[in-house]
*Asks:* 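Below you will find the structure I want to go over with you.
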Amino acid sequence: MDATTVLADVTGSIATVGYGLAAIGPAIGVGIVVGKTIEGVARQPELAGRLQVLMWIGIAFTEALAFIGIATAFIFGYN
């Protein structure tokens with residue numbers, strides 16, 4: 001086993017760990033979005049429908065960060 005083989009093994013593992021770390025941010029973001037929506041519905045029940053639509057839009061934008069993270073892992077992880 002030479003230095004080049006070890007470096008290739010480490011590089012593959014870093015891409016996987018990188019995506020795992022990149023997924024933490026969107027997970028926290030979705031939790032905050034859903035939590036604030038529940039809080040808003042508890043305060044103003046008549047706005048539940050409108051808040052739910054805004055929640056789904058917020059989740060979609062937040063999950064776009066996860067897609068960017070997985071694309072980055074594929075681009076930089078598999079040279």
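What you are looking at is a predicted structure, and each value in this text was computed from that prediction instead of being measured.
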*Asks:* Looking at every non-hydrogen atom in both residues, tell me the closest pair between Ala66 and Pro26 and how far apart they are.
*Replies:* N-CG, 3.5 Å
*Asks:* Show me, pair by pair, the donor-acceptor contacts under 3.5 angstrom made by side chains of residues 35-60, not counting sequence neighbours?
*Replies:*
from: Thr37; atom 1: OG1; to: Val33; atom 2: O; distance (Å): 2.8

*Asks:* Answer with yes or no whether the hydrophobic clustering places Leu65 together with Ile32; edges join I, L, V, M, F, W, Y residues whose side-chain heavy atoms lie under 4.5 Å apart.
*Replies:* no
*Asks:* Quick test of your reading: applying salt bridge (charged side-chain N to carboxylate O under 4.0 Å, His left out), list the pairs with at least one residue in residues 21-34, sequence neighbours left out, ordered by first then second residue.
*Replies:* none
